[in-house]
Amino acid sequence: MPEGHSLHRLARTITRTFGGAPVGASSPQGRFASGAARLDGRVLTGAQAWGKHLFVEVEDEVLHVHLGLYGTWVRSRRPEPEPWGAVRLRLTGQLWYADLRGPTACDLVGPAGREEILARLGPDPLRRRPDVDAFVRRVAASRAPVGALLMDQSVLAGVGNVYRAEVLFRAGVSPFAPGRTLGEDTVRALWDDLVVLMRDGVRRGRIVTLETDDVALLADLDHDRPAPDDPDLDGGEDTAARRRLRRSTGVYVYRREGRPCARCATPVRAEDFHGRRLYWCPGCQRGPR
DNA sequence: GAGCTATGTAGAC
DNA sequence: TCTACCTAGCTCT
């Protein structure tokens with residue numbers, strides 16, 4: 001699920017799985033055939049993420065991948081089956097293979113191309129030594145709503161719609177508040193919380209923003225839904241229904257339109273905002289609207 | 001099983 | 001501003 005934490009996790013997986021050895025590369029779909037031919041049989045030295053962008057180094061080549069909304073990169077044990085669906089790129093190592101499907105970007109860009117992409121991106125809370133001050137200055141000087149600034153990858157790299165909604169809720173800040181009205185301390189606190197939340201996301205492989213105490217509280221408020229650990233639910237198997245419930249109790253406002261806020265029980269609101277769905281609690285998040 | 005929706009971006013117009 | 005990308009999980013029937 002491609003917000004920044006997923007890409008950092010993916011970079012780590014690719015480096016551990018294929019790093020330091022030659023890889024086979026092919027494009028069963030055909031759309032990356034010439035690029036795959038240039039990678040085939042060469043040594044993959046490592047992969048790195050910056051925001052939602054992934055860079056895979058294969059000797060002197062740099063492969064740039066952006067998963068977009070529904071791209072996936074799935075790793076499995078060999079022997080590899082015949083590809084199904086539209087596999088843009090298949091990497092094959094000694095023990096594993098990995099199929100890339102549906103990316104927005106999959107190109108060989110070279111070191112210079114990578115620098116061009118990085119120059120367009122703001123600091124990434126998951127990188128070492130990010131330029132926090134650049135983020136604070138940019139937000140604190142802007143008339144744009146903070147809900148739009150957090151999604152602008154040139155302001156901050158790696159945050160998507162879930163982290164945007166959740167970090168603003170946790171800070172009690174309205175997404176409609178202009179950046180310049182927040183004050184530097186609040187902007188810095190947003191950054192600090194994103195570092196905590198996104199590192200946790202890398203570790204877990206999913207986004208969880210609820211504080212421990214609020215998990216039970218939210219389950220109570222959602223009294224029309226069974227609790228995630230209800231033994232009567234599907235006989236305790238790890239079914240789709242159970243997985244859905246587990247997901248639904250991981251966040252405060254994202255995709256909880258109309259459901260009670262865990263902190264104040266006000267129904268969570270949602271509306272289309274700059275082309276994306278925006279979720280917030282009008283009771284907890286003070287400011288305009 | 002069909003239909004809908006989505007954690008996103010680039011490029012055409 | 002609209003469309004392509006063409007996946008995958010969910011809801012509805």
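Chain A is the first sequence line, chain B the second, and so forth, proteins listed ahead of strands; every chain is numbered from 1.
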> Nearest to the side chain of T104(A), which nucleotide is it out of dT7(C), dA6(B), dG8(B)?
Replying inline: dG8(B)

>> On DNA chain C, compare the nucleotides closest to P103(A) and T72(A); which residue's is nearer the 5' end?
In response: P103(A)

OP1, OP2 of [N] versus side-chain N and O of [X]: anything below 4.0 Å?
| X | N | result |
| --- | --- | --- |
| H66(A) | dT9(B) | yes |
| Q153(A) | dT9(B) | yes |
| Y254(A) | dT7(B) | yes |
| R88(A) | dT7(C) | no |
| R276(A) | dT7(B) | yes |
| R120(A) | dA10(B) | yes |
| K52(A) | dT9(B) | yes |

> Checking ring-ring contact (aromatic ring centres under 6.0 Å, His included) for the pair F169(A)/Y279(A): CA distance, chi angles, key distance, verdict?
Replying inline: CA-CA 9 Å; F169(A) 174 84; Y279(A) 302 86; over 10 Å; no

> If only atom types and distance count, is the side chain of R137(A) paired as donor or acceptor with the main-chain N or O of A141(A) below 3.5 Å?
Replying inline: no

>> Whether the side chain of R206(A) engages the backbone of G201(A) through a donor-acceptor N/O pair (distance < 3.5 Å, no angle test) should be reported.
In response: no

> Can you list the steps and then say if D131(A) with D133(A) is a side chain to side chain contact (heavy atoms under 4.5 Å, CB included)?
Replying inline: CA-CA 5 Å; D131(A) 188 352; D133(A) 292 340; 3.8 Å; yes

Can you check the [X] [atom1] to [N] [atom2] distance for me, whole Å?
| X | N | atom1 | atom2 | answer |
| --- | --- | --- | --- | --- |
| M151(A) | dT9(B) | CE | P | 7 Å |
| F273(A) | dT1(C) | CZ | P | 13 Å |
| H5(A) | dG8(B) | NE2 | C1' | 14 Å |
| H53(A) | dG8(B) | NE2 | C1' | 9 Å |
| F32(A) | dC5(C) | CZ | C1' | 16 Å |

>> Check for me, please, whether L182(A) and L278(A) land in the same ILVMFWY cluster - side-chain distances under 4.5 Å, paths through other members count.
In response: no

At under 4.0 Å between heavy atoms, what does [X] touch on the DNA or RNA strands: base, sugar-phosphate, or nothing?
| X | result |
| --- | --- |
| Q29(A) | sugar-phosphate |
| G160(A) | sugar-phosphate |
| W84(A) | sugar-phosphate |

